[in-house]
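Taking it in order: structure first as structure tokens, then the write-up.
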Amino acid sequence: MKKLQRFSILLRAVSRLSPRMAAYMLRRLLRNRLAPRFPQAYRNRIGRIAQGLPLPVPPADVTPGLAATAEFYCAEYRGMTPGVPRGEMRFHGRTVAFGSPQEVGWNHVVAEEGDHQMWRVKLAHMGFLCPMLLEGDAAQDAVARTLAEGAMAGTDMAAPGAFSGYWFPYAASHRLLAVGAALLVGGSRRRVSAETAAVLARMLRLNAAFVLDNIEHELCNNHVERNLAGLCLYFSHVPEVPAEVAARLEREIARLVRATILADGTQIERSPMYQGLSVASLAVMAEAPFLSAALRRELAGKLEVARAAFAALCHPDGKVALFNDCWHGEVPVWTGDPAPEGRILLPAGGYGRLAQGGDVCVMDAGPLGPRWNPGHGHADFLSLEISLQGRRLVVDPGTSRYNTGPERAYERSAAAHNGPAWRGYEPADFLGCFKVGRTAVARLVPGSRLPEDVIAGLFCSGPGHVARAVQMFAGRGFLIADCWSRGGPRGQVNWRLPGDWQSEKSDQGWLFRHPESGQQTCIMVLSPVASAELEKGYWAHHYGSRDTAHVLRLVPQAQGGAGQQLLTWIGHGAPGDDIAMAGETLMRQLSELMKSA
């Protein structure tokens with residue numbers, strides 16, 4: 001039975017591939033099989049492409065997009081550079097001591113990571129070279145050169161398994177961006193020695209040739225975006241771009257951004273983390289001088305709305321909400337203009353936001369992901385994240401791993417998230433690391449149908465309809481109304497709070513106090529419940545690790561033919577009569593929305 005179910009999920013996933021994606025998938029499978037059988041032929045192929053490419057030349061002036069790319073990688077990796085000269089590499093909270101830069105194992109395997117070796121892929125990004133070259137001394141320059149030489153000598157793109165490790169096209173694209181920014185900015189500022197610059201230029205040319213031959217159209221989305229951004233950075237700084245390369249990049253970039261950067265600026269995979277990566281990619285693409293003026297204007301417009309969407313998906317701490325595949329540290333903390341206060345709706349992406357001062361609520365009310373490849377989606381339909389007084393209070397479970405296993409399955413499930421769910425029912429089917437069979441879509445309610453201080457979403461799946469509305473009370477907190485249609489399993493809502501909040505049960509609900517700041521808040525249920533339990537759990541706000549969390553599980557009391565309802569107050573203090581009355585109004589509005597769904 002399990003084998004049949006797995007086959008059904010796989011069949012659904014494959015059926016969503018476009019003919020173009022299917023053709024590139026077949027090409028990828030053939031490459032993986034043939035390159036190790038005919039290694040010299042494959043090396044010669046990439047070598048011939050590289051020979052036809054000019055070497056990059058540092059610019060006289062550093063453009064804003066190039067400077068932003070350099071700072072993107074410096075911000076992520078500068079903390080690990082002191083250990084690199086000793087051969088110590090630290091990614092995702094795990095340090096591996098190789099002994100010296102000469103001994104770094106570019107094919108290092110972390111046993112716990114199973115079928116997706118994320119630590120090895122992060123090593124392959126070589127992003128740490130950026131702060132070493134731009135902020136280090138002559139000794140760091142020499143170490144960077146040693147590492148680059150060792151990576152070229154110690155890896156073989158035609159070896160079995162190479163395409164999921166150092167020669168993963170996604171990793172090669174990050175190398176183009178990170179090492180390219182280091183060479184170009186460092187060269188412009190005379191911070192990179194001539195010997196190191198020569199080594200890096202050769203390495204980048206080989207990587208550009210490899211990515212040109214291996215753009216990941218079979219995966220599309222952020223993979224192709226990273227491929228094209230890396231190529232844009234490279235070809236923006238060569239003496240002359242080959243005409244066929246310029247024409248190809250013009251065509252493929254136009255296709256990509258029109259398909260994956262939506263009208264409201266959100267990236268189609270609906271991960272705030274990947275939204276930040278899209279902002280970085282668009283900044284590079286918009287400056288590419290070999291693209292047409294019309295496409296550069298389009299890219300600049302996309303960049304502007306993508307930045308605004310990214311700001312809306314960040315909390316007051318500048319870090320992203322953790323919906324879908326997401327964690328902190330992969331993109332820099334947002335330091336631009338904060339998102340406007342009040343209500344923000346991103347209808348194409350399916351996000352709603354309410355904010356006043358340090359109080360912020362963000363709702364995920366969109367699809368699991370793009371129809372053709374929703375591999376980074378979670379079943380977090382109508383989930384919320386809430387900060388009060390600038391401190392995170394209600395959090396998403398996050399993502400601690402990509403590799404296949406029970407942890408990955410749980411972190412993607414509806415049962416792990418805080419949307420209004422049905423007990424024992426999952427609306428989507430996941431297989432392995434990224435395959436999705438049955439999928440689903442939530443919908444954001446248009447602002448024209450709601451008061452200005454309310455966001456709401458609707459979700460329909462097997463058991464019926466559910467709806468959620470959130471009303472903001474400025475300076476006080478948020479009122480959340482949940483409604484389940486008649487019939488179906490018992491509903492459930494989980495509120496997950498970081499474990500550093502101290503909990504206390506009161507007559508009216510739960511009080512939470514943060515010992516560091518003394519901040520106090522409460523969660524109170526304003527409608528009848530069948531059960532309410534505070535349990536221990538976790539949240540994963542950094543890949544590869546988990547922190548403790550409180551999980552408050554609420555089960556609404558069935559109300560006969562009227563379905564199920566749950567009204568929750570999350571705020572700075574106990575709600576008054578005005579909030580109780582507002583709850584009745586909000587629930588009536590929600591019921592009307594469900595009738596018209």
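As the structure is a prediction and not an experimental result, all values here were calculated from the model.
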key: Distance in Å, M273 CE paired with C326 SG, rounded so as to fall on 0.5 Å steps   = 5.5 Å
query = Should K302 and T260 count as side-chain neighbours, where that means a heavy-atom distance under 4.5 Å?
reply = no
ask   = Would you find more than 12 non-hydrogen atoms of other residues, nucleotides or ligands less than 6.0 Å from D337 atom CG?
value = no
remark   = For R202, the salt bridge (Lys or Arg N to Asp or Glu O under 4.0 Å) test, sequence neighbours excluded, returns none
inquiry  = For the residue pair R120 / N107, report whether a side-chain donor-acceptor contact shorter than 3.5 Å exists.
reply    = no
query = Applying ring pair (Phe, Tyr, Trp, His ring centres under 6.0 Å), which residue pairs with at least one partner in residues 242-300 are found, sequence neighbours left out?
reply = Y274-H376
request  = State whether the number of non-hydrogen atoms from other residues, nucleotides or ligands found under 6.0 Å of E304 atom CD is greater than 12.
outcome  = no
query = Is the closest side-chain donor-acceptor distance between S292 and E250 under 3.5 Å?
reply = yes
Extract all donor-acceptor atom pairs below 3.5 Å that involve side chains of residues 205-212 and protein atoms in other chains or at least two apart in sequence.
unit_1	atom_1	unit_2	atom_2	d
N207	OD1	R175	NE	2.8
N207	OD1	R175	NH2	2.8
N207	ND2	M203	O	2.7

key: Any side-chain donor near an acceptor of the partner, Y170 and H125, under 3.5 Å   = no
message = Between R226 and S173, do the side chains contain a donor N or O and an acceptor N or O under 3.5 Å apart?
response = no
message = Salt bridge check, E298 against R258: does any charged N sit closer than 4.0 Å to a carboxylate O?
response = yes
query = Does a side-chain N-to-carboxylate-O contact under 4.0 Å join R45 and D213?
reply = yes
request  = Answer yes or no: does atom CZ of R255 have more than 12 heavy-atom neighbours from other residues, nucleotides or ligands under 6.0 Å?
outcome  = no
ask   = Would the number of heavy atoms belonging to other residues, nucleotides or ligands and lying under 6.0 Å from CD of Q40 be above 12?
value = yes
Close side-chain approach of P367 to P374, heavy-atom, < 4.5 Å = no
ask   = Strictly by modelled atom types, are E113 and N403 linked by a side-chain donor-acceptor pair under 3.5 Å?
value = no
Near-ring test Y543/H328, centroid separation under 6.0 angstrom = no
N/O donor to acceptor pairs below 3.5 angstrom from side-chain atoms of residues 78-88, sequence neighbours left out:
unit_1	atom_1	unit_2	atom_2	d
R78	NE	E135	OE1	3.2
R78	NE	E135	OE2	3.4
R78	NH1	E71	OE2	3.4
R78	NH2	E71	OE1	3.2
R78	NH2	E135	OE2	2.6
T81	OG1	R78	O	3.0
R86	NE	E88	OE2	3.4
R86	NH1	P82	O	3.4
R86	NH2	E88	OE1	3.2

query = By salt bridge (Lys or Arg N to Asp or Glu O under 4.0 Å), which residues pair with D364, not counting sequence neighbours?
reply = R270
query = Using the ring of each side chain (for Trp, its six-membered ring), is W327 parallel, tilted or perpendicular to Y402, with breaks at 30° and 60°?
reply = perpendicular
key: Short N-O contact, D325 and R408, less than 4.0 angstrom   = yes
Residue R248 excluded, over 12 heavy atoms near CZ under 6.0 Å = yes
Please list every donor-acceptor pair under 3.5 Å in which a side-chain atom of residues 153-163 meets a protein atom from a residue at least two apart or in another chain.
unit_1	atom_1	unit_2	atom_2	d
T155	OG1	A151	O	2.6
T155	OG1	W167	NE1	3.2
D156	OD1	R43	NE	3.1
D156	OD1	A158	N	3.0
D156	OD2	R43	NH2	2.8

query = Is it the case that T196 and S193 place a side-chain donor and acceptor less than 3.5 Å from each other?
reply = yes
ask   = Strictly by modelled atom types, are T146 and E149 linked by a side-chain donor-acceptor pair under 3.5 Å?
value = no
message = Ring centres under 6.0 Å, that's the criterion: do H108 and F98 meet it?
response = yes
ask   = Should K122 and E76 count as an ion pair when the cut-off is N to O under 4.0 Å?
value = yes
message = Under a plain distance cut-off of 3.5 Å, with no hydrogens placed, do E269 and N324 share a side-chain donor-acceptor pair?
response = no
inquiry  = With a sphere of 6.0 Å drawn around CZ of R307, does it hold more than 12 non-hydrogen atoms of other residues, nucleotides or ligands?
reply    = no
message = Side chains of R343 and R353, heavy atoms from C-beta outward: is any pair under 4.5 Å?
response = no
query = Does any donor atom in the side chain of E385 or H315 lie under 3.5 Å from an acceptor atom in the other side chain?
reply = yes
